[in-house]
Trainee: 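Take a look at the following structure, please.
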Amino acid sequence: MDKQVFHGLKLGAYCGAGGYGEVRLCEDISGRQMAVKIINKKKFGDSWQRELQGVVNYRRITENAPGLLRIFHVEEDEENFFYTMEAADSACENKYVPDTLAHRLQSGALPEDELYGTLYEIFNGIKLIHDAGFVHRDIKPDNILFVKGMPKLADIGLLSSLSVSRSMLAGTLDFIPPERRAEDSLESTDPLSRQRNDLYAFGKVVYCAATGNGPHEYPATPPDMPLTPALKYFFRLSCGLCSKAPELRLDSVEKVEQEFADIKHKLEHGESFRDKTAYCLKKFVSGVKHTFFSAGRFLKRYWHFVLLLILVGGATAYWIWKPAPPLDINDLKNKQYVNEEYNISMTVPYHWEIVPRGNMVDLFKKVLKESDGKHPLNKEQLDIIIKSAETFGQHMILCDFDELFADNVTISVANDMTEKYIRETPLENFRMMLKIAYEGQLGFKTEIFDAAKITLAGHPAICVDAGINMAPGIRIFAFWIGKKDKILIISLTSKKDTFTQRKAEFDAVIKTLKIGK
């Protein structure tokens, strides 16, 4: 600007330029030194009115706020809109150089003893603006002036009310949150989101002041930076304000104020073990929170892929681990088993070997003779089984052939019990009777896994699943079927490693059971 006198103001040194005009040092007729911002209305068109609205907003909150830059006079003529305000201190003695935070940081980080006071005063100015219902929108070291040694926020033309509708996103790129940097992005209508943008920018100011680095270098630290308590606390504060993950940021003036209170306490009294523990716990909670939100964002972005993966994975898992359908005996090559002595019949797999009644005792005696002590049953136990087979007239079907122990199905009767016993005996008494029979007579530790009363082939019955503790481990699954004059016992005895297969075959066989009168 060529004029040396502008509306009674004697213009002095050039201070800088904002978004819509230039700032000059000036004096009024009384000799008071100020700064004046002059905006050419023709050059900027109607855009200058945004600056006017920012000034109007700002003046509402500066009347009783000594921590904010004071506005003195606002005026316009045909060509220009202008306003006067407090001028920054001069950083040089010989010529006027505005004393800004950016100028001070040219020589490196702020002195450690100035960090807390300077940054807290800047934050307090932000808090005053937010509490009044506004946002600054361009917080950076260039816009922080020192007036009589106190830092104050300048370039208030972008000041915006939280109640206005959407506007173009404003600010300086390195001080805008990464998720808001899209070109031509509109500012959110959410007041909290707009205030969070200011706090993010303040976080970058804290980073620059503590490290001396530029905002684009965040979060790197200078290699020669001494890790003193003050620098550590303010570096943590900057990380809390500028975390890459939005959900982990300090997102309200109340939280930031609490951080300043904690820093002040630690600077005065030192960091206690409790403080260190609380910090570690907070970092852990933040990590869990970040993981949760990251997963949520991933699901939101790639939900169709995740859904497809779940469907494919679920279908694959079902195909691999789906329960096998009940075995149908007709799916196997089979043959008919008829027991005329007990008047029953059933269909059994063709490979099951039916042992003739007269050969069963001989079979046990042969096993006893040839086992040479290797059979899982000892001589006394085999003798008991042989005697039982002779006494109760057991019939046997071998399911497989094994040198020492073959899975088998036995059919026998208990003539001293009838269907009345099945109907009236409590299951607990029945379980105890079985344990006595197996443990007392055979000497095997027995565990009854399950017992239940059912109806089988039109007769009352009890099915029982038991484990016999003898190497290699034996499982017994039996049906005690009540008849008017006796109880029919059909029992599967199997090694544990073949029990599942044998049980499926046995269930299929039992479904074909027919009992005569």
Trainee: Which label fits F82 and F6: parallel for a plane angle under 30°, tilted from 30 to 60°, or perpendicular past 60°?
Mentor: perpendicular
Trainee: If only atom types and distance count, is the side chain of T84 paired as donor or acceptor with the main-chain N or O of A35 below 3.5 Å?
Mentor: no
Trainee: So does R249 pair up with E179, basic N to acidic O under 4.0 Å?
Mentor: yes
Trainee: One thing to verify: whether R236 and E271 come together as a salt bridge, which I'm taking to mean a side-chain N less than 4.0 angstrom from a carboxylate O.
Mentor: yes
Trainee: Between E257 and K255, is the closest basic N to carboxylate O distance under 4.0 Å?
Mentor: no
Trainee: Between D400 and R502, does at least one N-O distance fall below 4.0 Å, as a salt bridge requires?
Mentor: yes
Trainee: Output yes when K282 and E259 qualify as a salt bridge under the 4.0 Å nitrogen-oxygen rule, no when they do not.
Mentor: yes
Trainee: Counting heavy atoms not belonging to K10, are there more than 12 under 6.0 Å from its NZ?
Mentor: no
Trainee: Should the pair R137-D198 be classified as a salt bridge under the 4.0 Å nitrogen-to-oxygen rule?
Mentor: no
Trainee: Less than 3.5 Å apart, any donor N or O on the side chain of E217 or Y207 sitting next to an acceptor on the other?
Mentor: no
Trainee: What I want to check is whether the side chains of K435 and T446 have a donor and an acceptor closer together than 3.5 Å.
Mentor: no
Trainee: Would you compute the distance between atom CD1 of I144 and atom CG of L69 and round it to the nearest 0.5 angstrom?
Mentor: 12.0 Å
Trainee: Is it true that D99 and R104 make a salt bridge, defined as a side-chain N closer than 4.0 Å to a carboxylate O?
Mentor: yes
Trainee: Please report the interatomic distance CG(L119) to CD(E114), rounded to the nearest 0.5 Å.
Mentor: 10.5 Å
Trainee: As an exercise, state the distance from CZ of R194 to CG of L199, rounded to the nearest 0.5 Å.
Mentor: 14.0 Å
Trainee: Check F260, Y116, F234 against F123 for a ring-ring contact (aromatic ring centres under 6.0 Å, His included) and give me the one that passes.
Mentor: F260
Trainee: Do N213 and Y218 have side-chain N/O donor and acceptor atoms under 3.5 Å apart?
Mentor: no
Trainee: Output yes when a side-chain donor or acceptor of N57 lies under 3.5 Å from a complementary backbone atom of Q53, and no otherwise.
Mentor: yes
Trainee: Is it true that K41 and E79 have a side-chain N and a carboxylate O under 4.0 angstrom from each other?
Mentor: no
Trainee: Do the side chain of H73 and the main chain of M85 share a donor and acceptor less than 3.5 angstrom apart?
Mentor: no
Trainee: Got a sec: does the CZ of F305 have more than 12 other heavy atoms crowding it under 6.0 Å?
Mentor: no
Trainee: Are T493 and D407 linked by a side-chain donor-acceptor pair shorter than 3.5 Å?
Mentor: no
Trainee: List the steps, then state whether side-chain contact (heavy atoms from CB on, under 4.5 Å) holds for H269 with K264.
Mentor: CA-CA 9 Å; H269 305 285; K264 184 178 181 180; over 6 Å; no
Trainee: Using a strict cut-off of less than 4.0 Å between a Lys/Arg side-chain nitrogen and an Asp/Glu carboxylate oxygen, indicate whether E51 and K37 qualify as a salt bridge.
Mentor: yes
Trainee: Salt bridge check, D28 against R32: does any charged N sit closer than 4.0 Å to a carboxylate O?
Mentor: no
Trainee: Measure across C15 and Y96 and return the closest heavy-atom pair with its distance rounded to 0.1 Å.
Mentor: SG-CE2, 3.5 Å
Trainee: Quick one about E76 and N80 (side-chain donor to acceptor, distance below 3.5 Å, no hydrogens or angles considered), yes or no?
Mentor: no
Trainee: If you compare all heavy atoms of A452 against all heavy atoms of L427, which two are closest, and at what distance to 0.1 Å?
Mentor: CA-CD1, 4.1 Å
